[in-house]
Amino acid sequence: MAQKQRILVTRRWPDAVERVLAERFEASFNLLDVAMDEAALAEALRSFDAVLPTVSDRLPASLFDGSGIRTKILGNFGVGYNHIDIAAAKAHGVAVTNTPGVLTDCTADIAMSLLLSVARRAGEGEREVRAGAWSGWRPTHMIGTKVTGKTLGIIGFGRIGKAMAKRCHFGFDMDVVFYNRSKIGLSEAARYGARQVDTVEEVLATADFVSLHCPGGGENRHLINAQRLAVMKPEAYLINTARGDVIDEKALIDALETCVIRGAGLDVFEAEPHVPERLRVLENVVLLPHLGSATEETRTAMGMKVVENLTAFFDGKVPPDRVA
Ligand code: DGY
């Protein structure tokens with residue numbers, strides 16, 4: 001019988017997926033589920049046929065430097081892969097796969113939760129009740145912003161952007177405008193009740209809620225900076241379920257503190273898991289610990305996608321979700 005490939009799973013995955021991995025491969029699991037540092041990841045690239053990283057692992061070019069790379073494939077658990085230096089992986093002949101499609105709905109659901117929570121002050125309200133500080137119903141208590149019928153602006157009209165548009169347009173009667181680097185056909189946009197505009201600024205100036213759905217890293221780093229925040233309406237909200245580095249976090253905090261915009265709902269941060277104290281003390285933000293894909297169904301489906309990608313790769317086929 002052929003020797004099983006040695007694989008390393010960098011964090012704990014759903015049991016059902018770990019079981020399949022253990023059957024098909026000679027699998028090592030990170031039983032303590034503590035994030036691996038760069039030295040440990042560099043060593044893994046030299047010891048395993050496949051490494052299965054996720055967003056909490058950093059794989060910069062320096063990890064690939066030098067000789068002895070054994071890894072043939074990085075089976076990333078997640079759709080975003082800006083934590084991996086793709087050029088360095090390619091240069092060392094390491095294939096990279098991701099897990100698109102299976103987390104679309106759950107990530108859009110979290111974006112919707114953030115939008116509703118920040119507009120209707122659900123975080124603040126919950127904190128008040130838990131603190132035993134609620135003094136009772138009154139007409140002026142914790143007044144928020146109506147969501148139904150407002151304008152949603154989307155940056156990045158891929159799968160998740162479209163799913164967000166669908167929720168907002170068909171569920172909440174919202175007008176939807178979006179910016180996307182490539183042109184989306186009119187009939188495709190119309191399926192989501194959405195209209196494409198030519199610039200990020202146009203979205204920012206028009207929308208009551210701006211939701212980010214573009215990849216992180218590269219030219220999208222600090223796409224939303226102080227200048228662009230100033231283009232948003234003062235009563236608008238910013239929602240980010242994409243990647244923390246798409247927003248200049250310091251500029252956002254300044255904007256929130258000085259009422260340049262009304263609020264923000266954030267599931268991702270620039271230096272996760274660090275969330276700046278200045279952000280944590282603000283009442284006009286809702287902060288989640290990167291929960292976009294965190295449902296049993298989705299996390300299992302993500303893991304099974306990695307299994308499919310690895311199996312295809314080691315069978316000599318093109319993995320369905322190869323990105324490099
Ligand atoms: C993704 O898949 O990119 C999510 O952010 C979880 O990592």
Side-chain angles (χ1 to χ4, degrees), residues 8-14 17-18 21 30 33-36 41 51-60 73-86 89 95-115 154-164 211-221 223-224 238-247 249 264-275 286-310 319-324:
L8 173 73
V9 188
T10 66
R11 302 302 296 260
R12 293 314 303 262
W13 287 13
V17 188
E18 286 193 350
L21 288 170
N30 176 352
D33 203 16
V34 173
M36 293 172 66
L41 288 166
V51 174
L52 278 46
T54 190
V55 66
S56 61
D57 302 306
R58 300 270 135 225
L59 290 113
I73 178 167
L74 295 171
N76 186 54
F77 184 98
V79 68
Y81 49 86
N82 62 317
H83 50 285
I84 301 170
D85 191 309
I86 294 292
V96 182
T97 59
N98 71 342
T99 62
V102 292
L103 42 73
T104 305
D105 285 325
C106 286
T107 306
D109 289 348
I110 276 286
M112 199 69 229
S113 313
L114 284 170
L115 188 157
I154 291 180
I155 312 280
F157 206 61
R159 290 184 185 85
I160 303 172
K162 288 174 182 172
M164 182 63 173
S211 192
L212 305 176
H213 298 287
C214 54
E219 61 192 37
N220 287 343
R221 185 180 140 73
L223 181 86
I224 304 297
L238 181 63
I239 310 298
N240 190 10
T241 54
R243 279 292 180 265
D245 71 349
V246 178
I247 300 178
E249 206 162 79
L266 306 172
D267 187 43
V268 287
F269 303 88
E270 273 207 87
E272 294 178 14
H274 171 72
V275 178
V286 175
L287 308 172
L288 295 179
H290 203 146
L291 293 181
S293 60
T295 62
E296 196 178 326
E297 295 87 341
T298 289
R299 289 281 164 88
T300 301
M302 289 164 76
M304 294 313 289
K305 278 225 133 206
V306 182
V307 172
E308 273 171 47
N309 283 316
L310 241 59
D321 307 305
R322 184 164 185 165
V323 294

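When a ligand or atom number is given, it counts from 1 through the structure's own listing order.
Remark: side-chain polar atoms of Asp245 are paired, donor with acceptor, to backbone N or O of Gly217 under 3.5 angstrom. Of the possible polar contacts, none joining the Asp105 side chain to the Asp109 backbone as a donor-acceptor pair under 3.5 Å is found. The backbone N or O of Pro215 lies less than 3.5 Å from a partner atom in the side chain of Asn220, making a donor-acceptor pair. His83 places a side-chain N or O within donor-acceptor distance of the main-chain N or O of Thr54, the cut-off being under 3.5 Å.
Evaluation of the side chain to side chain donor-acceptor pair (under 3.5 Å) rule for Asp57 yields Thr10 as partners, not counting sequence neighbours.
Near ligand 1, Val55, Gly78, Val79, Gly80, Leu103, Arg243, His290, Ser293, Met302 each place a heavy atom less than 4.0 angstrom from the ligand.
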* To do: Mind running side chain to side chain contact (heavy atoms under 4.5 Å, CB included) on Met36 and Leu8 for me, showing each step along the way?
  => CA-CA 11 Å; Met36 293 172 66; Leu8 173 73; 3.6 Å; yes
